[in-house]
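Encoded as structure tokens, the structure appears first; notes follow it.
Everything numeric here is computed off the predicted structure, so don't read it as measured data. For the single chain, residues carry numbers from 1 onward in sequence order.
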Amino acid sequence: MAQYKSDLLNTLDERGFIHQSSDFAGLDALAAKGEVIAYVGYDCTAPSLHVGHLISIMMLHWLQQTGNKPIALMGGGTTRVGDPSGKDETRRILSLDAIEANKNAIKGVFSRFLTFGDAGTDAMMLDNAEWLAPLNYIAFLRDVGRHFSVNRMLTMDSAKLRLERDQELSFIEFNYMLLQAYDFVEQAKRYGCNLQMGGSDQWGNIVTGIDLGRRMGTHQLYALTCPLLTTSSGAKMGKTAAGAVWLNEDQLSGYDYWQYWRNTEDGDVARFLKLFTTLPMAEIARLEALQGAEINEAKKVLATAATALLHGREKAQSAARTAQETFETGAASEGLPTVEIASRELSAGLGVLAAFVKAGLVKSNGEARRQIQGGGLRVNDAVLSDENAKLSPGDVSDGVIKLSLGRKRHVLLKPV
């Protein structure tokens with residue numbers, strides 16, 4: 001029997017998105033009538049969002065699919081300050097040009113998950129610079145700051161954890177909580193927004209916004225948070241040895257994105273199918289029941305479904321074919337990520353350490369040496385044992401040289 005009256009909360013619940021709410025009954029009643037207008041904020045600290053952001057994007061997706069209205073809020077204003085939540089160090093202050101460039105680069109991802117437009121449940125994309133940038137500081141302190149207790153702010157995790165670890169918390173970061181709360185209130189007044197969603201680490205900031213709305217006379221506001229995800233082995237979601245798992249294809253190829261999901265730990269497959277695909281729950285239950293070597297089939301389904309959502313079905317199926325050709329036949333498939341190098345560089349003798357760094361498979365010569373010592377690097381499927389070896393035109397096969405890190409990450413070097 002369904003736990004909630006609304007399709008929204010039942011869907012989010014059965015798929016594992018719900019961690020905490022300020023008022024389940026009130027939110028459920030609104031959602032049952034299709035009257036939820038919810039936002040999630042995304043600061044523009046990099047030119048791409050990463051897999052860690054995907055859980056909240058999927059929450060917005062299901063919100064729209066169940067007849068409610070999503071708002072994707074770009075942090076053109078808050079990025080100028082920096083969110084201290086979960087950080088030990090003050091964020092680097094970005095120039096306004098860099099923030100604008102990052103904002104424009106990350107916007108495109110949302111159209112893969114949301115339908116934008118001007119009617120009904122069509123999604124909106126806003127930028128908090130619209131109301132934060134023109135703020136008069138004195139007026140803001142008088143009208144908004146007076147509602148905040150410093151004593152209470154210091155009990156919030158974003159501040160408390162930093163101070164407990166004796167890490168500096170700058171005054172500019174201390175203001176972030178006020179700005180995020182004000183975002184909620186402004187969207188409530190301007191667009192009828194009544195729900196803020198985010199990770200569980202945002203709980204304090206979100207409920208502060210609810211309290212500010214009450215003090216400033218908005219309609220009732222609500223909070224809904226999702227769990228902060230870690231993998232079965234305790235690793236942070238979205239981080240790999242090679243770095244962040246970016247959502248923009250110019251930051252991470254569709255093939256590497258597919259491989260990230262294909263390499264999911266056995267204990268995470270069912271959970272990730274629920275969170276990061278739109279497959280029906282009955283199909284997920286069937287895949288969840290697979291045992292032993294068959295679980296690899298479930299991982300391939302997860303990889304293809306998750307990649308299709310972000311990059312489209314054609315690229316997802318291409319990545320799956322490439323993986324099959326690479327791992328099951330040992331071939332150097334055309335679908336693998338390709339990095340061009342100058343032919344003259346190869347003719348002069350390209351050191352293998354530099355080659356693997358150029359390919360992006362390792363970050364430094366030192367890391368390449370460590371991988372060689374452990375037998376982790378291959379050239380044209382042959383284990384590399386000599387760190388002083390050089391690549392030459394004689395290593396080119398079918399126009400490329402295949403470099404591999406372990407058995408699952410490959411890049412083709414193409415002389416031009």
Donor-acceptor under 3.5 Å (His53 side chain, His50 main chain):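 Yes.
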Set of salt bridge (charged side-chain N to carboxylate O under 4.0 Å, His left out) partners for [X], sequence neighbours left out:
{"X": "Arg152", "result": "none"}
{"X": "Glu297", "result": "Lys300"}
{"X": "Glu340", "result": "none"}
{"X": "Arg271", "result": "Asp268"}

Applying side chain to side chain donor-acceptor pair (under 3.5 Å), which residue pairs with at least one partner in residues 17-39 are found, sequence neighbours left out?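 Non-adjacent pairs meeting side chain to side chain donor-acceptor pair (under 3.5 Å): Ser6-Asp28, Tyr39-Gln196.
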Under the side chain to side chain donor-acceptor pair (under 3.5 Å) rule, what pairs show up with a residue in residues 302-312, not counting sequence neighbours?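 Non-adjacent pairs meeting side chain to side chain donor-acceptor pair (under 3.5 Å): Trp258-Thr304.
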Please list, chain by chain and in numerical order, all residues satisfying side-chain contact (heavy atoms from CB on, under 4.5 Å) with Val301, sequence neighbours excluded.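 Checked Val301 against side-chain contact (heavy atoms from CB on, under 4.5 Å); matches are Leu279, Leu287.
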List for me each residue that meets side-chain contact (heavy atoms from CB on, under 4.5 Å) alongside Leu141, sequence neighbours excluded, and say none if there are none.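 Leu141 satisfies side-chain contact (heavy atoms from CB on, under 4.5 Å) with Tyr137 once adjacent residues are dropped.
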Quick check: closest heavy atoms across Arg80 and Ala133, and the distance to 0.1 Å?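 Taking Arg80 first and Ala133 second, the nearest heavy atoms are NH1-CB, 3.9 Å.
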Testing the 3.5 Å rule here: is there a donor-acceptor pair between the side chains of Gln180 and Gln202?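 Side chains of Gln180 and Gln202: pair found under 3.5 Å.
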Going by distance alone, is a donor N or O of one side chain under 3.5 Å from an acceptor N or O of the other, for Ser56 and Tyr42?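 Side chains of Ser56 and Tyr42: pair found under 3.5 Å.
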Considering only distance and modelled atom types, tabulate donor-acceptor pairs under 3.5 Å from the side chains of residues 215-222, sequence neighbours left out.
unit_1, atom_1, unit_2, atom_2, d
Arg215, NE, Asp211, OD2, 2.9
Thr218, OG1, Gly213, O, 3.2
His219, NE2, Cys193, O, 2.8

Could you tell me which residues satisfy side-chain hydrogen bond (donor to acceptor under 3.5 Å, both in side chains) with Asn194, sequence neighbours excluded, listed by chain and number?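 With sequence neighbours excluded, Asn194 shows a side-chain hydrogen bond (donor to acceptor under 3.5 Å, both in side chains) to no residue whatsoever.
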For Asn365, give me all partners under side-chain hydrogen bond (donor to acceptor under 3.5 Å, both in side chains), at least two apart in sequence or on another chain.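 Partners of Asn365 under the side-chain hydrogen bond (donor to acceptor under 3.5 Å, both in side chains) test: none.
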Suppose the criterion is salt bridge (charged side-chain N to carboxylate O under 4.0 Å, His left out): which pairs have a residue in residues 174-198, not counting sequence neighbours?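 Residue pairs with at least one partner in residues 174-198: Glu130-Arg190, Glu186-Arg190.
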Verify side chain to side chain contact (heavy atoms under 4.5 Å, CB included) between Asp97 and Glu100, making sure each step is shown before the conclusion. CA-CA 5 Å; Asp97 286 345; Glu100 189 68 16; 5.6 Å; no
